[in-house]
Each structure stands twice: as C-alpha cells, then as structure tokens.
Amino acid sequence: MASYLQIADDEKGHELDLFCIPRHYENDLDKVIIPHGLIMDRTERLARDIIQDMGGHHIVALCVLKGGYKFFADLLDYIKALNQNSDKSVPLTVDFIRVKSYCNDKSTNSVKVIGGDELSSLRGKNVLIVEDIVETGRTMQTLLSLLSECHPKMVKVVSLLVKRTPRSSGYRPDYIGFEVPDAFLVGYALDYNEYFRDLSHICILNDRAKEKYKV
C-alpha cells in the first residue's frame with residue numbers, strides 16, 4: 001500500500017496572512033492547508049520512491065493536464081536531479097493528455113479524455129501517469145481502461161493528492177503525496193473554472209468564491 005502524508009479532517013490549516021497570497025485571491029480562500037514548501041519536500045520523496053521502484057526502466061511520464069502540470073514539472077525536476085546523483089537512474093520521455101470531469105465545483109458523471117487517440121504510441125512501454133488529485137477515482141479508472149486497450153508493458157500512477165470522500169470508488173494510486181479532507185482545494189495548478197492555478201500553496205476555497213467564479 002502506498003504511503004502518504006495525511007491531512008486530518010479537523011486540520012486547522014494556516015492563516016492566509018502568514019504567506020504570500022496574490023492580492024486578487026485574498027478574499028476567496030479560507031486557509032492554507034498545504035504550504036508550497038511542504039509540497040516540494042513531499043514531491044522530492046515521491047521522486048526518490050519512483051526511482052527506487054522503476055529505476056533502470058525507460059519510463060514514459062504521462063502528464064494529466066491541466067491540473068497536473070505543476071506537479072509534473074517539479075516531480076520530473078527531482079527525478080532528473082536524482083538521475084544525476086544516484087546509482088539508479090530512469091531514462092525519461094514525456095507525453096501529455098487532458099482529462100475533464102468537472103463543472104464548477106461538482107464532479108460530473110462523464111469523463112472527457114482529450115488526446116486519447118495518441119495513446120496507441122504507449123504500446124509496450126512503461127508508463128507513469130502523473131495526476132494532481134484523485135477524488136472519486138472514476139476519472140483515473142476510465143483513463144486506465146483506455147490505456148489497457150493500448151497494451152503498455154507497465155502502468156504506475158502517482159497523484160499529489162487523494163481525497164477522502166464517501167463518493168470514492170475505492171481506487172488508490174501507486175504513489176500518493178497527501179491524503180486530504182473532502183473540501184474543494186485550489187492552488188499549485190489546481191483550479192476552479194481555470195482560476196487559482198497561479199497560487200503557490202494549496203488552499204481551501206470559500207463559498208463566496210464558488211459563486212464569484214461560477215460559470
């Protein structure tokens with residue numbers, strides 16, 4: 001079972017005025033729940049675990065856009081550093097796919113995969129899917145089902161966040177950064193209708209902001 005850092009349901013978080021928050025978001029957030037520095041430290045450890053497990057294999061790192069791009073870039077930077085400074089190394093190539101399953105703050109029952117026609121290029125390859133957050137797990141299960149039709153040699157999934165929710169299908173990634181409460185989180189490329197991707201920390205969105213940025 002994957003190890004992870006658990007953020008408790010009653011986690012008080014941190015006051016916004018203790019951090020550098022973009023002024024245009026100051027009234028939209030309840031609190032900082034995972035500071036940027038902690039994200040980076042945990043990401044570095046995930047990179048080490050991935051190198052330990054998959055070192056020596058040629059890996060195709062598949063970034064799930066848009067929310068996964070920041071975690072993807074930072075994770076690969078740490079893997080690259082480890083490649084240069086450890087006995088085990090991982091030859092890496094990258095690819096991208098876009099998955100959409102949200103409207104406003106609600107997860108929809110339909111999952112759109114953009115770029116799926118190109119998944120056939122992953123046949124016979126070792127694939128590391130890099131995701132920002134797993135909530136119900138259905139989006140990832142849909143993507144894994146599509147991938148299986150292309151017959152990759154191996155598939156591993158790393159997700160920065162896994163949400164504790166009664167709506168969960170029970171799916172768990174191979175590597176997990178943090179297990180988080182069932183709240184709507186933004187920042188570090190996690191968005192609400194495309195806003196908040198430019199926020200460095202992971203924060204809880206307040207109800208007023210949900211109305212403000214609703215489409």
For the [atom1] atom of [X] and the [atom2] atom of [Y], what is their distance to the nearest 0.5 Å?
| X | Y | atom1 | atom2 | value |
| --- | --- | --- | --- | --- |
| Lys31 | Asn206 | NZ | CG | 12.5 Å |
| Leu161 | Glu179 | CG | CD | 10.5 Å |
| Leu122 | Ile97 | CG | CD1 | 8.5 Å |
| Met54 | Ile79 | CE | CD1 | 8.5 Å |
| Ile202 | Ile133 | CD1 | CD1 | 8.0 Å |
| Leu82 | Lys80 | CG | NZ | 12.0 Å |

Report the C-alpha distance between Arg208 and Asp28 in whole Å, list the side-chain angles of each, state the deciding distance to 0.1 Å, and finish with yes or no for salt bridge (Lys or Arg N to Asp or Glu O under 4.0 Å).
-> CA-CA 7 Å; Arg208 181 172 51 192; Asp28 301 325; 5.7 Å; no
Would the distance check show the side chain of [X] and the main-chain N or O of [Y] forming a donor-acceptor pair, the cut-off being under 3.5 Å?
| X | Y | value |
| --- | --- | --- |
| Tyr25 | Phe196 | yes |
| Lys163 | Ala183 | yes |
| Gln6 | Ala8 | no |
| Ser148 | Ser145 | yes |
| Tyr192 | Lys210 | yes |
| Arg98 | Val64 | no |
| Asp174 | Val157 | yes |
| Arg123 | His151 | no |

Closest approach of [X] to [Y] (non-hydrogen atoms, all atoms of both residues):
| X | Y | answer |
| --- | --- | --- |
| Ala2 | Pro173 | CB-O, 3.9 Å |
| Lys153 | Gly124 | CB-O, 3.5 Å |
| Pro22 | Asp198 | CG-O, 4.2 Å |
| Asp191 | Asn193 | OD2-N, 3.3 Å |
| Phe72 | Asp95 | CZ-O, 4.5 Å |
| Ala47 | Tyr78 | CB-CB, 3.6 Å |

Residue pair [X] / [Y], side-chain heavy-atom distance below 4.5 Å:
| X | Y | result |
| --- | --- | --- |
| Ile129 | Leu147 | yes |
| Leu185 | Ile33 | yes |
| Pro35 | His201 | yes |
| Arg164 | Asp182 | no |
| Phe178 | Leu160 | yes |
| Leu16 | Val32 | yes |
| Ile34 | Tyr188 | no |
| Tyr69 | Asp132 | no |

Assess the side chains of Gln141 and Ser169: does a donor N or O sit below 3.5 Å from an acceptor N or O?
->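 Judged by distance alone, the side chains do pair up.
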side-chain contact (heavy atoms from CB on, under 4.5 Å) between Val90 and Asn83, intermediate numbers included = CA-CA 6 Å; Val90 178; Asn83 274 344; 4.1 Å; yes
Checking side-chain contact (heavy atoms from CB on, under 4.5 Å) for the pair Phe184/Ile204: CA distance, chi angles, key distance, verdict?
-> CA-CA 6 Å; Phe184 200 89; Ile204 294 180; over 6 Å; no
Which residue pairs pass the salt bridge (charged side-chain N to carboxylate O under 4.0 Å, His left out) test with at least one member in residues 58-70, sequence neighbours excluded?
->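 Only Lys66-Glu194, Lys70-Asp74 qualify under salt bridge (charged side-chain N to carboxylate O under 4.0 Å, His left out).
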Do NZ/NE/NH1/NH2 and the carboxylate oxygens of Asp49 and Arg45 come within less than 4.0 Å?
->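 Yes, Asp49 and Arg45 are salt-bridged.
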Reference residue Val60; test side-chain contact (heavy atoms from CB on, under 4.5 Å); the match among Asn126, Leu128, Thr93 |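 With Val60 as partner, Asn126, Leu128, Thr93 yield a single side-chain contact (heavy atoms from CB on, under 4.5 Å), made by Thr93.
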Criterion side-chain contact (heavy atoms from CB on, under 4.5 Å) on Ile176 and Ser159, from CA distance to verdict | CA-CA 5 Å; Ile176 299 169; Ser159 182; 5.6 Å; no
Checking side-chain contact (heavy atoms from CB on, under 4.5 Å) for the pair Leu29/Val186: CA distance, chi angles, key distance, verdict?
-> CA-CA 9 Å; Leu29 307 168; Val186 294; 3.7 Å; yes
So with a 6.0 Å cut-off around CG of Asp17, is the heavy-atom count from everything else above 12?
->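 More than 12 heavy atoms, drawn from other residues, nucleotides or ligands, come within 6.0 Å of this atom.
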Tell me whether the guanidinium CZ or amine NZ of Arg172 lies under 6.0 angstrom from the six-membered ring centre of Tyr4 and within 45° of its axis.
->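 Ring-cation test returns yes.
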